[in-house]
Student: 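Quick one: the structure is below, and I'll ask about it shortly.
It should be emphasised that the depicted structure is a prediction, and the values quoted were computed from it without experimental measurement.
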Amino acid sequence: MKPIWIVDDDQSIRFVLEKALLREHLPTRSFSNPRDVLSALNTAADDEGPQVLVSDIRMPGGSGLELLEKVKAKHPGLPVIIMTAFSDLDSAVSAFQGGAFEYLPKPFDLPKAVELIRRAVEESQREEVSEERMGEAPEMLGQAPAMQDVFRAIGRLSQSNVTVMITGESGSGKELVARALHKHSQRAGGPFVAINTAAIPKDLLESELFGHERGAFTGAQTMRRGRFEQADGGTLFLDEIGDMPFELQTRLLRVLSDGNFYRVGGHSAVKTNVRVIAATHQNLEQRVKDGAFREDLFHRLNVIRLRLPALRERKEDVAMLTRHFLQQSAQQLGVEPKRISDAALGWLEGFAFPGNVRQLENICHWLTVMAPAQVIEPKDLPPEVEVSRSSSNAGPMAGALHSPGLQAGADEGHSPDEAGGVSGLVGEVSEAPVASGLPTPSPTGHVTLQEWEIELEHEAVALLESGRTDVWDSLTRRFESRLILAALAATRGRRIEAAQKLGIGRNTITRKIQELGLE
């Protein structure tokens, strides 16, 4: 990992932070003045630059605020933490306006300082992931007539600032279309900011969108810019707009009307120049009829509507997308790309993909990690495809015939990706399932979580009856191994992201990887 750069003319501050961060296995590099920092930035290679910059405000030979401005001009995604005495809070506010990640008042509590720096590291790594995806992602792939229509629409729409509403099922690539519209527009030099309105708690969404002033609510210790300000001069992508709380829809309508809004707790209007692209998988007309979505906001957003086809509507693209994702996964994991047999492709083309292109991409990541040979055969396909195949001997079309079962699982409170994840655990936990304990698939062919639990219980009973005394360790290790491998595959091997998805700590996943021999 790249080092944390510490800038302070006080040698004792540098020493204390260096020792505390090294105890957390975070490398550091220290400077006593801004001039040396700028010189080091100019000569450092990409992999030698800072992961996070922690700087004092007042130092001989330059101001931390001036350093912030120059650093942000060259490295806009680099988190910068400004250290300041309490008497410098006005300067700290200025620092936030200049793009600082957070401020650290002196004297500071060392554990809290380390925690703040760790949060900045995670933010930096998320930013790197986002930039990497933007840089590596090719133009959208698709030979199907429905996708060619989408490409033509992108070409026309990218030349204007008109508001666009993208509709389509989850996982069909709505954000990719929004990025393409931004990339080919006159706003390409500005920021692209995305926010999933369904993923943020209702009480926090207003602050996320519009920002807040210091003291606006409990915990608002500093002024914070919202997504509309961050996207000024560029594009703001509002994903899952249909889930936006009704009371916030009025505020959004005001911004779309005149470009003005107020931060939470603020009294001065903020002007922003943003192109808004919205997306939803829901039927907004029905939401309007149900009284859950404002009709005037619907018409304001629905200037141009662009519908993305589901993957099952463009089967001719499955083979091309599969080979592309296998190449991409191999490159990201640093392994030899795997090839897929025509027979295995036949099964994938017959699968309904309730999770659409995202599900196919995840399957390819899974195959890159889990398939034992360089050529992928039908027997190597992951459990969600395996369920469809094993529930019928009719051939590759079994996947299409039994896909409603997978969709039904999603309708019972899981997203399509989550439904696939539950199915994934079925095949992975039971490497050698007991024949008598296998659950009978439901009429739809979908193995439910309850059926999987029964299968696991039967296997545990069989192992106990065999006289083994390591049943707990055996099943636990297998379960944890497969769960961690699945998370690593889904995050392209990035441990911090995998830990976040699993709901465990960074140190925990590192320890588990070592204990389970997954290095």
Side-chain angles (χ1 to χ4, degrees), residues 68-69 72-80 96-101 123-124 126-135 137 154 157-166 174-200 204-213 222-245 248-264 266 268-280 297 300-304 306:
L68 171 67
E69 181 182 359
K72 281 294 180 178
K74 284 192 170 186
H75 305 277
L78 176 66
V80 178
F96 275 101
Q97 293 173 341
F101 176 77
E123 177 69 21
S124 174
R126 279 194 294 269
E127 188 75 21
E128 288 172 359
V129 170
S130 175
E131 290 177 359
E132 180 179 324
R133 287 177 180 166
M134 279 285 284
I154 291 174
L157 293 171
S158 61
Q159 301 307 308
S160 71
N161 285 321
V162 66
T163 302
V164 179
M165 170 72 76
I166 306 171
K174 296 187 288 294
E175 182 170 346
L176 195 59
V177 171
R179 289 184 181 276
L181 287 168
H182 172 75
K183 176 182 176 182
H184 295 286
S185 73
Q186 296 177 348
R187 294 175 174 265
F192 176 90
V193 177
I195 181 171
N196 187 325
T197 58
I200 298 174
L204 299 179
L205 184 56
E206 184 177 17
S207 175
E208 282 291 324
L209 284 171
F210 306 110
H212 62 252
E213 297 289 352
T222 61
M223 185 277 288
R224 185 179 185 278
R225 297 189 307 155
R227 302 300 175 92
F228 270 97
E229 281 185 85
Q230 295 171 15
D232 188 36
T235 302
L236 177 63
F237 176 55
L238 299 174
D239 199 5
E240 300 302 349
I241 190 69
D243 292 304
M244 174 173 280
L248 277 185
Q249 295 174 22
T250 304
R251 292 205 62 183
L252 177 59
L253 182 64
R254 167 73 184 274
V255 183
L256 294 175
S257 300
D258 58 18
N260 292 315
F261 64 92
Y262 291 84
R263 300 190 192 103
V264 176
S268 300
V270 179
K271 180 75 173 178
T272 186
N273 175 18
V274 172
R275 181 190 190 181
V276 172
I277 299 176
T280 182
L297 177 59
R300 175 71 67 172
L301 291 170
N302 195 41
V303 179
I304 298 290
L306 181 57

Student: How far does OG of Ser257 sit from CZ of Arg300, to the nearest 0.5 angstrom?
Tutor: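 Atom-to-atom, Ser257:OG and Arg300:CZ are 4.0 Å apart.
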Student: How far does CG of Leu252 sit from CD1 of Ile241, to the nearest 0.5 angstrom?
Tutor: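 Reported value, rounded in 0.5 Å steps: 5.5 Å.
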Student: Taking Glu206's backbone N and O only, do any of them form a donor-acceptor pair with His212's side chain (distance below 3.5 Å, no angle check)?
Tutor: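 A pair under 3.5 Å: no.
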Student: Taking only residues two or more places apart in sequence, or in another chain, which ones meet Thr250 in a side-chain contact (heavy atoms from CB on, under 4.5 Å)?
Tutor: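 With sequence neighbours excluded, Thr250 shows a side-chain contact (heavy atoms from CB on, under 4.5 Å) to Arg294, given in chain and number order.
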Student: Begin with the C-alpha distance, continue with both residues' side-chain angles, and end with the deciding distance and a verdict on side-chain contact (heavy atoms from CB on, under 4.5 Å) for Val80 and Lys72.
Tutor: CA-CA 9 Å; Val80 178; Lys72 281 294 180 178; 4.2 Å; yes
Student: Pair Arg187, Phe192 - check side-chain contact (heavy atoms from CB on, under 4.5 Å), show working.
Tutor: CA-CA 9 Å; Arg187 294 175 174 265; Phe192 176 90; over 6 Å; no
Student: Taking all non-hydrogen atoms of both residues into account, name the closest pair between Leu297 and Gln249 and its distance.
Tutor: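 Closest approach of Leu297 to Gln249: CD2-CB, 3.5 Å.
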Student: Can you tell which of Ile277, Val193, Val164 makes a side-chain contact (heavy atoms from CB on, under 4.5 Å) with Thr235?
Tutor: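 For Thr235, the side-chain contact (heavy atoms from CB on, under 4.5 Å) test succeeds with only one of Ile277, Val193, Val164, which is Ile277.
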Student: Can you list everything that forms a salt bridge (Lys or Arg N to Asp or Glu O under 4.0 Å) with Arg227? Sequence neighbours excluded, please.
Tutor: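 So Arg227 forms a salt bridge (Lys or Arg N to Asp or Glu O under 4.0 Å) with Glu208.
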Student: The criterion is side-chain hydrogen bond (donor to acceptor under 3.5 Å, both in side chains); which residues satisfy it with Glu240, sequence neighbours excluded?
Tutor: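 Glu240: side-chain hydrogen bond (donor to acceptor under 3.5 Å, both in side chains) contacts with His281.
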Student: State the CD-CG distance between Gln230 and Leu236, to the nearest 0.5 angstrom.
Tutor: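 Separation between the atoms: 9.0 Å.
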Student: For Thr272, what residues pass the side-chain contact (heavy atoms from CB on, under 4.5 Å) criterion, not counting sequence neighbours?
Tutor: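 Testing Thr272 for side-chain contact (heavy atoms from CB on, under 4.5 Å), a comparison that skips the adjacent residues, returns Phe228, Asp232, Val255, Phe261, Val274.
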Student: Could you report the tightest heavy-atom contact between Ala198 and Asp243, atom names first, then the distance?
Tutor: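 Smallest interatomic distance, heavy atoms only, reads CB-OD2, 3.5 Å.
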Student: Got a second to check how far Thr280's OG1 is from Ile166's CD1, nearest 0.5 Å?
Tutor: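 CD1 of Ile166 is found 11.0 Å from OG1 of Thr280.
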Student: For the residue pair Gly234 and His182, what are the closest heavy atoms and their distance?
Tutor: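 Looking at all heavy atoms of both residues, the closest pair is CA-CE1, 4.3 Å.
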Student: Hey, could you give me the OG1/CG distance between Thr163 and Leu238, rounded to the nearest 0.5 Å?
Tutor: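 The CG atom of Leu238 is 10.0 Å from OG1 of Thr163, to the nearest 0.5 Å.
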Student: Using the rule given for side-chain contact (heavy atoms from CB on, under 4.5 Å), can you reason through Met244 versus Leu209, listing the C-alpha separation, both sets of side-chain angles and the distance that settles it, and then say yes or no?
Tutor: CA-CA 11 Å; Met244 174 173 280; Leu209 284 171; 3.7 Å; yes
Student: Taking all heavy atoms of Glu213 and all of Gly266, pick out the closest pair and write down the distance.
Tutor: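 Between these two residues, the closest heavy atoms are CG-CA, 3.5 Å.
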Student: For Glu229, enumerate each residue passing the salt bridge (Lys or Arg N to Asp or Glu O under 4.0 Å) test, keeping only those at least two apart in sequence or located in another chain.
Tutor: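 If we apply the salt bridge (Lys or Arg N to Asp or Glu O under 4.0 Å) test to Glu229, skipping adjacent residues, the hits are Arg263.
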Student: Quick one: list whatever passes ring pair (Phe, Tyr, Trp, His ring centres under 6.0 Å) with Phe237, sequence neighbours left out.
Tutor: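 Testing Phe237 for ring pair (Phe, Tyr, Trp, His ring centres under 6.0 Å), a comparison that skips the adjacent residues, returns none.
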Student: Which distance, rounded to the nearest 0.5 Å, do you find between the OG of Ser185 and the CG of Asn161?
Tutor: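 The distance works out to 7.0 Å.
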Student: Between Leu205 and Pro245, which heavy-atom pair has the shortest distance, and what is it?
Tutor: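 Scanning both residues completely, I find the closest heavy atoms to be CD2-CD, 3.6 Å.
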Student: Looking at every non-hydrogen atom in both residues, tell me the closest pair between Pro191 and Gly233 and how far apart they are.
Tutor: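 Closest pair (atom of Pro191, atom of Gly233, distance): CD-C, 4.3 Å.
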